[in-house]
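All heavy atoms count here, side chains included; hydrogens, waters and symmetry mates do not. Letters go in sequence order (proteins before strands), and every chain restarts at 1. Since we're looking at a predicted model, the values are computed, not measured.
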Number of protein chains: 2
Amino acid sequence: MDTTQRTDQQRSADRRRRELLEAADRVVLRDGPQASMNAIAAEAGITKPILYRHFGDKSGLYAALAKRHTDALLDSLRAALDAPADRRERVEATLDTYLAAIEARPQVYRFLMHPTEGGHTADQGFDIGKHSMPLLRTMGEELATVIEERLDLGPGSQQLARVWGHGIVGMMHAAGDWWLGERPCSRAELVRSLADLLWGRLAAAGDKMGGPGF
Amino acid sequence: MDTTQRTDQQRSADRRRRELLEAADRVVLRDGPQASMNAIAAEAGITKPILYRHFGDKSGLYAALAKRHTDALLDSLRAALDAPADRRERVEATLDTYLAAIEARPQVYRFLMHPTEGGHTADQGFDIGKHSMPLLRTMGEELATVIEERLDLGPGSQQLARVWGHGIVGMMHAAGDWWLGERPCSRAELVRSLADLLWGRLAAAGDKMGGPGF
DNA sequence: CGTGCGTGTTACTAGCGGTAACCCTAGTTT
DNA sequence: AAACTAGGGTTACCGCTAGTAACACGCACG
């Protein structure tokens, strides 16, 4: 009953698991988020049931697969957030890091953001948004803690930081999604525009006509 | 060839169509976005093929069904955006309108936002984000035009307005999604926090320790 | 020798979106 | 009146998906 000892079988299983994840990665990179379990199993050179033995469930595979990219992206974002520069530069670097990531691997990004929601089984939870888009949630919480740690927001700072964390991440996400589809401008311009928005240019802008404006 | 004349058959077909949409509405309200064509047909008291005769396709039904709620929501948002008040109040009213809508009918909201992406057919387009989340896109464009019409943003105002439109809508969406799942505060607090974010409180906040801060 | 145990397969279930083929009734034409 | 046509409707199917039960091989250990 020595739980700490790693047997050969365990190590072999871990290696197998990694191989399967890499195969899944390739398929997702090729087919996008609709990658089927059949296709992944075929790419790995095996059949479905062993996939299910390793990951239990499609969402299990999804979770394991997502964790890799999510962790990598979060590390990059943390690095950008911790760079030795003033706040504006940090915000711009963070935005640029995220946008560069989704630009480099749109299929993976799409897989992480729109995980097809399971669907047919009886798990139709009414708990809205519970297991959807874990990456967005994670990034939101992460950003919230950074904001709360670093900024002096007065009373209610914790609530405020969380709202802002999720709000900013959502802004980044939606703008990135739209930008990736239409490519209306360069990445740098997008970053500047979003930073300007966060810097209150919306409130500071003048009205165009006589009325009070938007 | 009098195209304007509505025959009895046409009117009957339109009525039928409306009945089907109402049935679909009920099912979506009950089952969320996983509502199957079978379930909708059963609710309407008929079978699948006639559903397909009317809407061609699941995404056709989705589009028709979404248009109703989307139009209704967009009307509310436009009204909030056009209210006779200063800019801050309008922004808060718009945020509150959206949040009240998703709070009132989370299932419908979920259906509009996460339309299950089709999936199995060979339309696996690499055009990322093309047919996903039409409501978010529409709201983004709508807000962009309002911003561009009303605000004086100097050179490049059109690009800036579009980026902001999509960014703000995404912020609203993500924050709303998170809030709906966790309910960490009242709607009014959420609205105030988001408006504060848009008003540049992020840039204006002081650092907590010696460093340059976030 | 046999007895597990891990690894793999085949073959299946249940349900999905979508469709082809038929059926039946009402109205029109000859 | 008899025949023919036009829609609305159904049954029965296809191909696909996620997920699983049951069976088959290989290899260590008593």
Atom-pair distance (CG on A:Leu51; C1' on C:dG8), nearest Å
12 Å
Donor-acceptor contact below 3.5 Å, side chain B:Gln159 vs main chain B:Gly156
no
Specify whether B:Tyr62 and B:Phe111 have parallel, tilted or perpendicular ring planes, treating 30° as the upper limit for parallel and 60° as the lower limit for perpendicular.
perpendicular
Close residues, residues 35-47 of chain A, relative to DNA chain C [heavy-atom separation under 4.0 Å]:
A:Ile46, A:Thr47
Only pairs under 3.5 Å count here: list side-chain donor-acceptor contacts from residues 65-75 of chain B, not counting sequence neighbours, and write none if there are none.
| from | atom 1 | to | atom 2 | distance (Å) |
| --- | --- | --- | --- | --- |
| B:Lys67 | NZ | B:Asp71 | OD2 | 2.7 |
| B:His69 | ND1 | B:Leu65 | O | 3.4 |
| B:His69 | NE2 | B:Asp25 | OD1 | 3.2 |
| B:Thr70 | OG1 | B:Ala66 | O | 2.8 |
| B:Asp75 | OD1 | B:Arg78 | NH2 | 3.2 |

With a cut-off of 3.5 Å and sequence neighbours excluded, list every side-chain donor-acceptor pair involving residues 43-51 of chain B.
| from | atom 1 | to | atom 2 | distance (Å) |
| --- | --- | --- | --- | --- |
| B:Glu43 | OE1 | B:Arg30 | NH2 | 3.3 |
| B:Glu43 | OE2 | B:Arg26 | NH1 | 2.6 |

Filtered N/O pairs between nucleotides 22-27 of chain C and protein, under 3.5 Å:
none

Spacing of A:Gln34 atom CD relative to D:dG15 atom C1', expressed in whole Å
17 Å
How close or far is atom P of C:dT10 from atom OH of A:Tyr52, stated in whole angstroms?
17 Å
Taking A:Arg90 for its side chain and A:Leu81 for its backbone only, find out whether a donor-acceptor pair lies under 3.5 Å.
yes
Set of residues satisfying side chain to side chain donor-acceptor pair (under 3.5 Å) with respect to A:Glu19, sequence neighbours excluded:
A:Arg16
B:Ile50 CD1 to C:dA20 C1', straight-line distance once rounded to whole Å
17 Å
Name all residues meeting the salt bridge (charged side-chain N to carboxylate O under 4.0 Å, His left out) criterion together with A:Arg183; count only those two or more places apart in sequence or in a different chain, and write none if there are none.
A:Glu103
Which of parallel (below 30°), tilted (30 to 60°) and perpendicular (above 60°) describes A:Trp178 and B:His166?
parallel
note: A:Leu20, atom CG; C:dT7, atom C1'; distance rounded to Å ~ 12 Å
Between NZ of A:Lys48 and C1' of C:dT13 the distance, given in whole Å, is 11 Å
Separation of atom CG in A:Leu61 from atom P in D:dG19, rounded to whole Å:
10 Å
Within 45° of the six-membered ring axis of A:Trp199 and under 6.0 Å from that ring's centre, is NZ or CZ of A:Arg88 located there?
yes
What is the distance, rounded to the nearest whole Å, between atom NZ of A:Lys58 and atom P of D:dT20?
14 Å
